[in-house]
Amino acid sequence: MATRKNSTDDPLAPLTLAVGQEDLLLDRAVQQVVAAARAADADTDVRDLASDQLQPGTLAELTSPSLFAERKVVIVRNAQDLAADTVKDVKAYLGTPAEEITLVLLHAGGAKGKGLLDAARKAGAREVACPKTTKPAERLSFVRSEFRTHGRSATPEACQALVDSIGSDLRELASAVSQLIADVEGTIDEAVVGRYYTGRAEASSFTVADRAVEGRAAEALEALRWSLSTGVAPVLITSALAQGVRAIGKLSSARGGRPADLARELGMPPWKIDRVRQQMRGWTPDGVAVALRAVAAADAGVKGGGDDPEYALEKAVVAVARAARSGR
């Protein structure tokens with residue numbers, strides 16, 4: 001979620017600086033300013049400009065006193081790409097901002113255009129951080145914040161399931177939250193998210209595998225039946241099961257260390273190391289071997305070696321779940 005970085009929290013401050021590369025958060029920062037301006041004056045004039053549209057002299061023209069003294073919002077996107085002469089204009093304006101005008105600069109951050117970024121901060125800009133979300137934990141935090149913002153309750157499992165199902169696009173995650181709160185009353189749980197979103201093949205097959213390697217047989221079977229009913233190919237499920245069990249085996253035999261070090265050693269992302277560590281409780285080396293044999297048998301069954309692929313998958317899921325509890 002976009003966060004303010006200074007004590008000035010007035011969207012109608014003379015200058016708002018939105019810094020980062022997350023498009024959704026940048027757009028929301030702009031929308032907040034525009035909404036506040038139009039609440040103060042319904043006739044607010046909004047000018048939304050790309051960096052190449054702001055030429056030398058353009059800002060002076062846009063911010064010159066109006067005959068009707070109307071409120072204005074001037075938005076400049078990709079401010080880090082402004083030409084040198086235009087940057088001079090903007091810096092000069094920052095020293096003496098016009099009344100009833102709000103300037104919004106969208107800047108990617110980083111070294112490019114840093115002089116303008118520093119000048120805006122020195123001028124006391126209201127700053128909104130819009131960082132790119134690169135970690136699963138950040139996306140999970142975003143989803144939780146979305147539910148809170150709408151005054152709705154969602155279980156931790158539901159939030160995690162939504163991130164697992166939708167992926168990394170914040171716009172899609174925000175849209176999914178909006179759909180759920182519009183359609184569902186009361187607390188939103190994992191089952192609700194499953195009905196709406198885990199029909200996606202990749203997410204659905206890995207949900208089956210996650211529940212199985214955690215020893216949660218009933219939930220794994222429920223996820224399996226849902227996956228099959230929504231058309232997920234059985235071979236995707238056996239593949240996900242195999243990956244889940246192999247990850248347990250790799251991590252259990254690896255030497256200890258930080259997630260980043262283990263990630264390099266095992267070829268897994270650090271966030272997966274943390275998840276597998278939680279899943280591997282109860283596993284033994286014999287359990288891993290039994291589970292791998294069960295998954296191999298199921299794989300042969302769904303590829304034509306058996307008469308009932310669904311039964312082969314159910315048998316494998318139960319075997320994996322039991323193996324996950326063999327050391328408890």
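The residues of the chain are indexed from 1 along the displayed sequence. Only heavy atoms go into these numbers, but all of them, side chains included; no hydrogens, no water, no symmetry mates.
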Any carboxylate oxygen within less than 4.0 angstrom of a Lys/Arg side-chain nitrogen, looking at [X] and [Y]?
| X | Y | value |
| --- | --- | --- |
| Lys72 | Glu100 | no |
| Arg139 | Glu172 | no |
| Arg77 | Asp48 | yes |
| Arg211 | Glu190 | yes |
| Lys114 | Asp118 | yes |

Check whether any side-chain N or O of [X] sits under 3.5 Å from a backbone N or O of [Y] as a donor-acceptor pair, and report yes or no.
| X | Y | answer |
| --- | --- | --- |
| Ser239 | Val235 | no |
| Ser252 | Ile248 | yes |
| Asn78 | Gln80 | no |
| Asp308 | Tyr311 | yes |
| His150 | Ser178 | no |
| Thr58 | Gln55 | yes |
| Trp283 | Val245 | no |
| Arg325 | Arg216 | no |
| Gln32 | Ala29 | no |
| Thr102 | Val73 | no |

Out of curiosity, [X] [atom1] to [Y] [atom2], how far, rounded to the nearest 0.5 Å?
| X | Y | atom1 | atom2 | value |
| --- | --- | --- | --- | --- |
| Leu49 | Leu62 | CG | CG | 6.0 Å |
| Leu292 | Asp299 | CG | CG | 11.5 Å |
| Glu22 | Arg28 | CD | CZ | 10.0 Å |
| Arg47 | Leu59 | CZ | CG | 12.0 Å |
| Cys130 | Asp23 | SG | CG | 10.0 Å |
| Thr134 | Gln21 | OG1 | CD | 11.0 Å |

**Test log, rule side-chain contact (heavy atoms from CB on, under 4.5 Å), inputs Val104 and Val74** = CA-CA 6 Å; Val104 183; Val74 178; over 6 Å; no
Is there side-chain contact between [X] and [Y], with heavy atoms separated by less than 4.5 Å?
| X | Y | result |
| --- | --- | --- |
| Ile75 | Val33 | no |
| Glu310 | Leu228 | yes |
| Leu140 | Gln160 | yes |
| Leu54 | Val90 | yes |
| Leu105 | Thr16 | no |
| Asp52 | Asp81 | no |
| Tyr93 | Leu15 | no |
| Ser145 | Thr149 | yes |

Please check if atom [atom1] in [X] has more than 12 non-hydrogen atoms from other residues, nucleotides or ligands closer than 6.0 Å.
| X | atom1 | answer |
| --- | --- | --- |
| Gln179 | CD | yes |
| Lys132 | NZ | yes |
| Glu314 | CD | yes |
| Arg322 | CZ | no |
| Glu219 | CD | yes |

Among the clusters formed by ILVMFWY side chains lying less than 4.5 Å apart, do [X] and [Y] turn up in the same one?
| X | Y | result |
| --- | --- | --- |
| Phe142 | Leu26 | no |
| Leu170 | Val30 | no |
| Leu24 | Ile181 | yes |
| Leu25 | Phe147 | yes |
| Val208 | Leu221 | yes |

Heavy-atom closest contact ([X] atom, [Y] atom, distance):
| X | Y | value |
| --- | --- | --- |
| Val320 | Ala291 | CG2-CB, 4.1 Å |
| Glu146 | Ala174 | OE1-CB, 3.7 Å |
| Val317 | Ala212 | O-CB, 4.2 Å |
| Val46 | Arg38 | CG2-NH2, 3.4 Å |
| Leu313 | Pro234 | CD1-CB, 3.7 Å |
| Ala294 | Ala319 | CB-CB, 3.6 Å |

**Message:** Could you go through Asp43 and Asp45, starting from their C-alpha distance and side-chain angles, then the distance that decides it, and tell me whether this counts as side-chain contact (heavy atoms from CB on, under 4.5 Å)?
**Reply:** CA-CA 6 Å; Asp43 295 324; Asp45 181 19; over 6 Å; no
**Request:** Given side-chain contact (heavy atoms from CB on, under 4.5 Å), test Leu17 with Val128 step by step and report yes or no.
**Result:** CA-CA 6 Å; Leu17 182 63; Val128 182; over 6 Å; no
**Request:** Start with the C-alpha distance between Leu106 and Val76, add both sets of side-chain angles, then the distance that settles side-chain contact (heavy atoms from CB on, under 4.5 Å), and finish with yes or no.
**Result:** CA-CA 6 Å; Leu106 276 59; Val76 180; over 6 Å; no
